[in-house]
2 protein chains.
Amino acid sequence: MKKHHRSVNALRRSDLAGLTGCNLETIRYYETIGVMPDPPRTARNYRAYDQSHVRRLRFIMRARELGFTLEEIRDLLALVDGGAQTCGEVQVLADAHLASVRAKIADLKRIEHVLASTVAQCTGDDVPECPVIDALSEEA
Amino acid sequence: MKKHHRSVNALRRSDLAGLTGCNLETIRYYETIGVMPDPPRTARNYRAYDQSHVRRLRFIMRARELGFTLEEIRDLLALVDGGAQTCGEVQVLADAHLASVRAKIADLKRIEHVLASTVAQCTGDDVPECPVIDALSEEA
DNA sequence: CTTGAGTCTGTATGGGATACAGACCCTAGA
DNA sequence: TCTAGGGTCTGTATCCCATACAGACTCAAG
């Protein structure tokens, strides 16, 4: 047994980071903004995490991967923490997020279209005339 | 004639903002980061813009609308300011930007797909079981 | 006991703005 | 001519989502 002087199953910050893949400092950040709870401390003031923290951090990370903002995640967690979340409530949040993701995609597609069709006109030559510069400079 | 005591065609900050639709404070921000030049000042230290500033700010705003970062815009402007930009040089920058836009779209589409197919399983009912929560909580 | 690694806190950085405070100034109306 | 209101000036704070670093402390292995 390694770590035999530490209380059973107590995880330090680096352990939690290792188990979740989350950056060390980010964990602390999540605590200060309140999406992760302040963990209990050892006698020497070290954070002592357990499996519940691992689960919660993974939840947060998966939500972030799906593009939920920390504010949205806070709302999701508030439902879950209340213990009485309903599928309906969660769906409202998820649908709202989905809508904003779709809006961003639409925005970027518009940009991509303009950009691609402009760049397509470039000769790529050693000449100063350039459709991209023209598009940005035009006195529309 | 209005404004007859101001030097001919001198534009104040609010004039430039009005002509371009750019936020007042943003203009100052662009000056501090150097994408807009420090304009000449009146005797009383007021910024005195002219048409060249209008053109440059419009250029910047169009580039921002196309999602260029201010850093990328700085590069574009450096080429233009050099007066010897070539279509080839500009194309390199625009192509790089286009690639990053496409990467973002791909990312968001992946997110959209996961999110949409998960939410589609929601009953929306007043029950605690929810596929979205399950997906975020799963011990994968 | 020493040494290196881990942890603690507070604070700075980044991008891209936006907002506000407190001082100054300008112009139109009375 | 005075005054009231707006505009302008600067510096600094705020937002989001982290990431990084400094300086102090502590822990574990040799």
Side-chain angles (χ1 to χ4, degrees), chain A residues 1-7 10-36 38-49 53 57 60-75 77 97 100 104 107 111, chain B residues 1-7 10-36 38-49 53 57 60-77 97 100 104 107:
Chain A
M1 273 183 69
K2 306 168 195 166
K3 307 182 181 177
H4 46 290
H5 284 305
R6 236 187 279 156
S7 34
L11 304 169
R12 291 172 310 177
R13 205 143 66 100
S14 60
D15 296 326
L16 183 55
L19 283 169
T20 57
C22 185
N23 181 294
L24 207 59
E25 299 282 27
T26 301
I27 296 170
R28 188 163 62 109
Y29 171 68
Y30 285 169
E31 286 164 12
T32 67
I33 65 164
V35 295
M36 284 292 287
D38 286 339
R41 301 291 182 119
T42 67
R44 287 305 188 169
N45 203 31
Y46 278 31
R47 288 167 177 81
Y49 298 104
H53 298 96
L57 185 49
I60 294 167
M61 290 176 74
R62 274 188 285 257
R64 287 292 297 133
E65 278 163 24
L66 291 181
F68 284 93
T69 66
L70 289 169
E71 202 49 54
E72 289 169 331
I73 291 171
R74 203 194 301 276
D75 293 342
L77 287 168
H97 179 55
S100 86
K104 270 181 209 144
D107 241 36
I111 287 171
Chain B
M1 275 183 73
K2 306 166 198 165
K3 306 180 181 177
H4 47 292
H5 285 306
R6 237 188 279 154
S7 36
L11 303 170
R12 290 171 310 176
R13 204 142 68 101
S14 61
D15 295 327
L16 184 55
L19 283 169
T20 58
C22 185
N23 181 294
L24 208 58
E25 299 281 26
T26 301
I27 296 171
R28 187 162 63 107
Y29 172 67
Y30 285 168
E31 286 164 14
T32 67
I33 66 165
V35 295
M36 284 290 287
D38 286 339
R41 300 292 181 118
T42 66
R44 288 304 188 170
N45 202 33
Y46 278 32
R47 288 168 178 81
Y49 298 104
H53 298 97
L57 185 49
I60 294 167
M61 291 176 74
R62 273 187 287 255
R64 286 294 297 134
E65 279 163 24
L66 290 181
F68 284 94
T69 65
L70 288 171
E71 203 50 54
E72 290 168 329
I73 292 171
R74 204 194 301 276
D75 294 342
L76 284 173
L77 287 169
H97 179 56
S100 85
K104 270 181 211 144
D107 243 37

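Here is the naming used below: chain letters follow the sequence lines, and residue numbers restart at 1 for every chain. None of these values were measured; they are calculated from a predicted model.
- Here dT10(D) presents its C1' atom at 13 Å from CG of Asp38(B), a figure rounded to the nearest Å.
- Atom CZ in Arg64(A) sits roughly 10 Å away from atom P in dT19(D) (whole-Å rounding).
- Contact annotation: Arg12(B) side-chain N/O to dT8(D) OP1/OP2 distance is under 4.0 Å.
- Atom CD1 in Ile33(A) sits about 17 Å away from atom P in dT14(D), given to the nearest Å.
- Which of dA20(D), dG7(D), dT10(D) sits closest to the side chain of Glu25(A) comes down to dA20(D).
- In this structure, of dT8(D), dG16(C), dT18(C), it is dT18(C) that holds the atom nearest to the side chain of Thr26(B).
- Of the side-chain N and O atoms in Arg41(A), one or more sit less than 4.0 angstrom from OP1 or OP2 of dT9(C).
- In this entry the distance linking CG of Asn23(B) with P of dA17(C) reads 10 Å, nearest Å.
- Considering every non-hydrogen atom in both Pro39(B) and Ala48(B), the closest pair reads CB-O, 4.1 Å.
- One interatomic measurement links the two molecules: CG of Leu24(A) to C1' of dG10(C), which rounds to 16 Å at whole-angstrom precision.
- The side chain of Tyr46(B) sits closest to dC25(C) out of dC25(C), dT18(C), dC27(D).
- In this structure, Arg13(B) does not reach the dT8(D) phosphate: none of its side-chain N or O atoms is under 4.0 Å from OP1 or OP2.
- Without hydrogens or angle criteria, His53(A) side chain to Leu11(A) main chain gives no donor-acceptor distance under 3.5 Å.
- Among the heavy atoms of the strands lying under 4.0 Å from Arg47(A) are primed sugar atoms or P, OP1, OP2 only; no base atom is included.
- Going from atom CZ of Phe68(B) over to atom P of dA17(C) covers 14 Å, rounded to whole Å.
- When distances run from any side-chain atom of Ser14(B) to the nucleotides dT7(C), dG7(D), dT10(D), the shortest one goes to dG7(D).
- A salt bridge links Arg74(B) with Glu71(B): the closest approach of a Lys/Arg side-chain nitrogen to an acidic carboxylate oxygen falls below 4.0 angstrom.
- DNA chain C is contacted by both Arg44(B) and Glu71(B); Glu71(B) maps to the nucleotide lying nearer its 5′ end (nearest heavy atom per residue).
- Formation of a donor-acceptor pair under 3.5 Å by the Arg12(A) side chain with backbone atoms of Leu16(A) is not found in this model.
- Whole-Å rounding puts the Asp15(B) CG to dG7(D) P distance at 11 Å.
- Between Glu31(A) and Arg28(A), none of the side-chain N atoms (NZ, or NE/NH1/NH2) sits under 4.0 Å from a carboxylate O, so this pair counts as no salt bridge.
- As judged by a 4.0 angstrom heavy-atom cut-off over every strand, Arg28(A) is placed among the base-contacting residues.
- Note: OH (Tyr30(A)) to P (dC17(D)) measures 9 Å, nearest angstrom.
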